[in-house]
Amino acid sequence: MKKRYTCITLFDAESLNKICNALSKLKDYNLCKVPYLKEPYTVDNRKEADTLPYHFTLSYWDEANKEEAIEVFNKIDIEKIDLLIEDVKIKQGNDNSFNMYFSFNVTDKLKQIQTQIYTKTKNEKFNPDTYLPHISIHSDKDYNKLVKMRDIIMQDFKPFIVSFDKVGLFEIYPAKKVL
């Protein structure tokens, strides 16, 4: 398995509590945010590898580009960004899987950070004109299970704001904070 270096948002404690509260009705489900990955990035045990906090990814680098990742990461200029979590959605994932996630409006401040990172990395997957950031809740191959889980979350769902003013660089998987 190859490693990646991934730049993610680090939500403040209050925001992480809001996310956990919104998911609290899913106590009968074992949530796993780790996506099903394609070779050579596969993970033997996704649930054991699920050690990252709730976040969204800003970019990633292959292990051969660790120094570039650190250089780009150290030049990220960030101020506090608030995001309005509006909905829970489901999208197609890798390897016949699906990803349930929180969706939110992309603000000008967020678009600036995305553009700043994309300009340095040119990682097309994270092109701010085409990539819509999201906060993964659970990845699964059972679409109907995700629909049931989404229905449970949405019963009393009220939009809420999450905030971050820091990003982290992690080696994954399993996650190990680099910076």
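- Heavy-atom contacts from other residues, nucleotides or ligands closer than 6.0 Å to CG of D129 number more than 12.
- Taking NZ of K89 as the start and NE2 of H134 as the end, the distance is 12.0 Å to the nearest 0.5 Å.
- With hydrogens and angles disregarded, a donor-acceptor distance shorter than 3.5 Å links the side chain of N74 to the backbone of I70.
- F170 and V72 sit in two unconnected hydrophobic clusters of ILVMFWY residues. Membership requires side-chain heavy atoms under 4.5 Å apart, directly or through other members.
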Quiz item: Y54 and V162: side chain to side chain contact (heavy atoms under 4.5 Å, CB included), yes or no, with the steps?
Solution: CA-CA 11 Å; Y54 286 101; V162 294; over 6 Å; no

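- To the nearest 0.5 Å, atom CD of residue Q116 and atom OG of residue S59 are 12.0 Å apart.
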Practice problem: Assess whether side chain to side chain contact (heavy atoms under 4.5 Å, CB included) is satisfied between E48 and V43, documenting all intermediate values. | Solution: CA-CA 9 Å; E48 279 183 19; V43 176; over 6 Å; no

Quiz item: Under the side chain to side chain contact (heavy atoms under 4.5 Å, CB included) criterion, do H138 and Y101 qualify, and how do the steps go?
Solution: CA-CA 7 Å; H138 183 67; Y101 63 95; over 6 Å; no

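- Between the CG atom of D108 and the CD1 atom of I113 there is a distance of 12.0 Å, given to the nearest 0.5 Å.
- A pairwise comparison of heavy atoms in I8 and T57 identifies CG2-OG1, 4.1 Å as the closest pair.
- Remark: K91 NZ to F98 CZ distance equals 12.0 Å, nearest 0.5 Å.
- Contact check for L23 versus Y29: no side-chain heavy atoms found under the 4.5 Å cut-off.
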Exercise. Just do the side chain to side chain contact (heavy atoms under 4.5 Å, CB included) check on L83 and F164 with the steps written out, would you?
Key: CA-CA 9 Å; L83 302 170; F164 70 97; 4.0 Å; yes

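- Taking both residues in full, the closest heavy atoms of D62 and R4 are given as OD1-NE, 4.0 Å, listed atom of the first, atom of the second, then distance.
- Rounded to the nearest 0.5 Å, atoms CD1 (I76) and NZ (K120) are 7.0 Å apart.
- I85 and L10 fall into different hydrophobic clusters, defined by Ile, Leu, Val, Met, Phe, Trp and Tyr side-chain heavy atoms under 4.5 Å apart, directly or through other members.
- Looking at Y118 and E124, their side chains come closer than 4.5 Å, going by heavy atoms from C-beta outward.
- Within a 6.0 Å sphere centred on NZ of K111, other residues, nucleotides and ligands contribute more than 12 heavy atoms.
- Distance alone, capped at 3.5 Å, is enough to place a donor-acceptor pair between the Q92 side chain and the S97 backbone.
- Between Y60 and the options F73, F126, Y5, a ring-ring contact (aromatic ring centres under 6.0 Å, His included) holds for only F126.
- Connection of I81 to F102 is established within a shared hydrophobic cluster, with ILVMFWY side chains joined at heavy-atom distances below 4.5 Å, either directly or through further cluster members.
- Heavy-atom minimum distance, L169 versus C7: CD1-N, 4.0 Å.
- Residues E86 and N105 bring a donor and an acceptor atom of their side chains to less than 3.5 Å of each other.
- Judged by distance alone, the side chain of S136 and the main-chain N or O of K33 form no donor-acceptor pair under 3.5 Å.
- L58 and F11 end up in the same hydrophobic cluster when Ile, Leu, Val, Met, Phe, Trp and Tyr side chains are linked at under 4.5 Å.
- Summarising the local packing, NZ of K166 is surrounded by 12 or fewer heavy atoms from other residues, nucleotides or ligands at distances under 6.0 Å.
- With a 4.5 Å cut-off on side-chain heavy atoms, Y131 and V106 do not count as touching.
- Crowding of K122 atom NZ: a count of heavy atoms from other residues, nucleotides or ligands under 6.0 Å exceeding 12.
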Which atom pairs, one a donor and one an acceptor, fall under 3.5 Å between side chains of residues 147-155 and the rest of the protein, sequence neighbours left out?
unit_1, atom_1, unit_2, atom_2, d
R150, NE, V88, O, 2.4
R150, NH2, D87, OD1, 2.8
R150, NH2, V88, O, 3.1

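- For the pair H55 and T9, the tightest heavy-atom approach, listed with the atom from each and the gap, is CB-O, 3.3 Å.
- Taking the six-membered ring where tryptophan is involved, the planes of F56 and F104 are tilted, since the angle between them lies from 30° to 60°.
- Of the inter-residue distances, the one linking F160 atom CZ with N21 atom CG reads 8.5 Å to the nearest 0.5 angstrom.
- Between the side chains of E14 and N17, no donor-acceptor pair is found at a separation under 3.5 Å.
- When the side chains of ILVMFWY residues are joined at heavy-atom separations under 4.5 Å, either directly or via intervening members, L52 and Y41 end up in a single hydrophobic cluster.
- Among residues two or more places apart in sequence or in another chain, the side-chain contact (heavy atoms from CB on, under 4.5 Å) test is passed with S163 by D12, S15, K80, D82, I161.
- Residues D95 and K141 have side chains in contact (heavy-atom distance under 4.5 Å, counting atoms from C-beta outward).
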